[in-house]
Amino acid sequence: MKSVILGSILVASLLALVIVLFRKRLGLTIFTSIGIHVVLAAAGIYVVNYSGWITGTYIPLNPATIGTVTVLGLPGVGLLLGLKISLFG
């Protein structure tokens, strides 16, 4: 019974979110912007890992690192490099 109630709340909130997104004309522009930022974040980490710019460092591509670089931009790559070097030598 509890799972049915929670499932119905989830479906209702999902439908309300979809209605708000498409009624305000924000639907695809927000998703496109977020997608571009995620791709650029992954590309930035990939370039640092495989360019040989800083030898001996490797930043893994996982949701935490990509999220950090997505929010902070390219300075986030510098932050991750600084943390990697200072914490793990």
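Residue numbers start at 1 and run along the sequence shown. Please read all numbers here as calculations on a predicted model, not as lab measurements.
- Rounded to the nearest 0.5 angstrom, Leu80 CG and Ile66 CD1 are separated by 10.5 Å.
- Considering Val48, Leu40, Ile45, Leu61 as possible partners of Val69, the one that fulfils the side-chain contact (heavy atoms from CB on, under 4.5 Å) test is Ile45.
- Put simply, Leu87 and Leu72 are part of the same group of oily side chains (I, L, V, M, F, W, Y) that touch within less than 4.5 Å, one to the next.
- Residues Leu15 make up the rest of the hydrophobic cluster containing Val11, defined by ILVMFWY side-chain heavy atoms closer than 4.5 Å, directly or through other members.
- One hydrophobic cluster, built from ILVMFWY side chains closer than 4.5 Å, holds both Leu79 and Val71.
- Each side-chain hydrogen bond (donor to acceptor under 3.5 Å, both in side chains) pair with one or both residues in residues 62-75, not counting sequence neighbours, appears once here: Asn62-Thr65.
- Sparse packing is recorded around CG of Leu74, with 12 or fewer heavy atoms of other residues, nucleotides or ligands lying under 6.0 Å away.
- The same ILVMFWY cluster, assembled from side-chain heavy atoms under 4.5 Å apart, contains both Val77 and Ile85.
- Looking only at distances, no side-chain donor or acceptor of Lys84 sits under 3.5 Å from a matching main-chain atom of Thr57.
- Atom OH of Tyr58 is separated from atom CZ of Phe88 by 14.0 Å, given to the nearest 0.5 angstrom.
- With Asn49 contributing its side chain and Ile59 its backbone, the two residues share a donor-acceptor pair below 3.5 Å.
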